[in-house]
Amino acid sequence: MKTEVTELLGIEYPIIQGGMAWVAEYHLAAGVSNAGGLGLIGAASAPAEWVREQIREAKKLTDKPFGVNIMLMSPYADEVAKVIVEEGVKVVTTGAGNPEKYMEMWKEAGVKVIPVVASVALAKRMERCGADAVVAEGCEAGGHIGENTTMVLVPQIVDAVNIPVIAAGGIADGRGMAAAFMLGAKGMQLGTHFVTTKESIVHENYKQAILKAKDIDSRVTGRTTGHPVRALRNQMTKKYLELEKSGAGFEELELLTLGGLRKAVVDGDVVNGSVMAGQSAAMVKEELTCQELVQKLVTETDALIGGMNFYE
Ligand code: TUI
């Protein structure tokens with residue numbers, strides 16, 4: 001499955017793991033990279049030294065390329081950006097902001113830069129300042145999202161830029177991969193399905209919440225604050241949405257989600273915590289190893305479009 005993305009990153013399959021906060025640590029990243037995709041360590045809001053340690057541990061488990069995702073709202077983003085260069089990381093993806101101020105440093109160090117974008121405007125801007133590719137993330141995705149669905153966002157970004165586009169949001173099987181290829185994507189980023197893999201260190205309750213999720217179980221909180229976040233519905237999302245309806249302010253709402261992702265991922269509190277997951281949670285039915293999942297995705301995609309010259 002050779003595409004511009006496999007060639008750019010030196011990987012076997014154009015499958016990238018999302019840089020999910022608390023979830024995307026080195027066991028998962030190494031698992032995805034060893035399976036032939038691109039694993040990512042999610043720096044989230046963690047201090048730079050935690051990220052450095054994670055990079056070093058990942059290198060012990062894999063000699064394949066892997067990357068780091070920087071969450072640009074993190075208070076440690078500046079330091080993490082430097083650690084990426086110091087530790088010789090080959091690929092960086094960014095989320096929740098505009099990474100322009102780090103671009104020159106990364107490009108000079110030969111780091112491949114792949115911003116995650118949720119709009120055409122940011123995709124164009126990222127191409128102008130030297131991005132190697134972009135991830136076009138539709139609002140089916142989990143966590144912090146934009147306004148457009150994958151179905152409409154990907155083709156618009158494909159038309160607007162000349163760098164390869166990686167589709168994200170709502171992809172959980174070969175049908176989604178094949179569809180993304182037809183929209184013009186040259187790679188796919190998956191988060192939710194990788195959360196349930198054997199290598200993923202999330203609490204068993206978190207995995208079960210995804211495995212049991214149905215189509216109607218996804219909610220978006222925070223539309224009123226300008227920071228929409230998709231998660232599985234529970235007591236927290238219920239309370240949050242009620243508060244939003246009653247006109248609650250930012251601070252009151254923040255209190256409800258503070259530390260919520262850690263609560264769910266680490267402590268297994270899937271009732272009061274924030275169980276971030278994409279809409280594709282409803283399509284995830286089994287816990288596989290990273291190797292099994294990547295092979296399943298590739299086999300299913302090949303069966304649909306393998307002979308059709310969509311990859312290159
Ligand atoms: O970043 C993500 N997904 C995330 S980040 C995250 S951490 C978090 N935790 C609690 C509350 C809020 C965040 C959880 N999930 N995906 C990539 C992504 N980036 N989606 C949307 C964007 C985005 C949004 C606005 C990128 C840029 C942007 O504006 C940039 C600008 O300068 O206009």
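When reading the values below, keep in mind they use all heavy atoms of this one structure, side chains included, and skip hydrogens, waters and symmetry mates. Counting starts at 1 for both ligands and their atoms, in listed order.
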Any side-chain heavy-atom pair of Asn34 and Val32 under 4.5 Å: no
Asp159 side chain near Gln156 side chain, heavy-atom distance below 4.5 Å: no
Within the protein, residues bringing a heavy atom under 4.0 Å of ligand 1, chain by chain: Met71, Met73, Gly95, Ala96, Gly97, Asn98, Val116, Ala118, Leu122, Glu137, Gly143, His144, Val229, Met276
salt_bridge(Glu287, Lys207) N-O dist < 4.0 Å: yes
Nearest heavy-atom neighbours spanning Val266 and His203: O-CD2, 3.6 Å
Residues that Arg52 engages under salt bridge (Lys or Arg N to Asp or Glu O under 4.0 Å), provided they are two or more places apart: Glu49, Glu86, Glu87
Residue from Ile16, Val23, Ile15 passing side-chain contact (heavy atoms from CB on, under 4.5 Å) with Phe194: Ile15
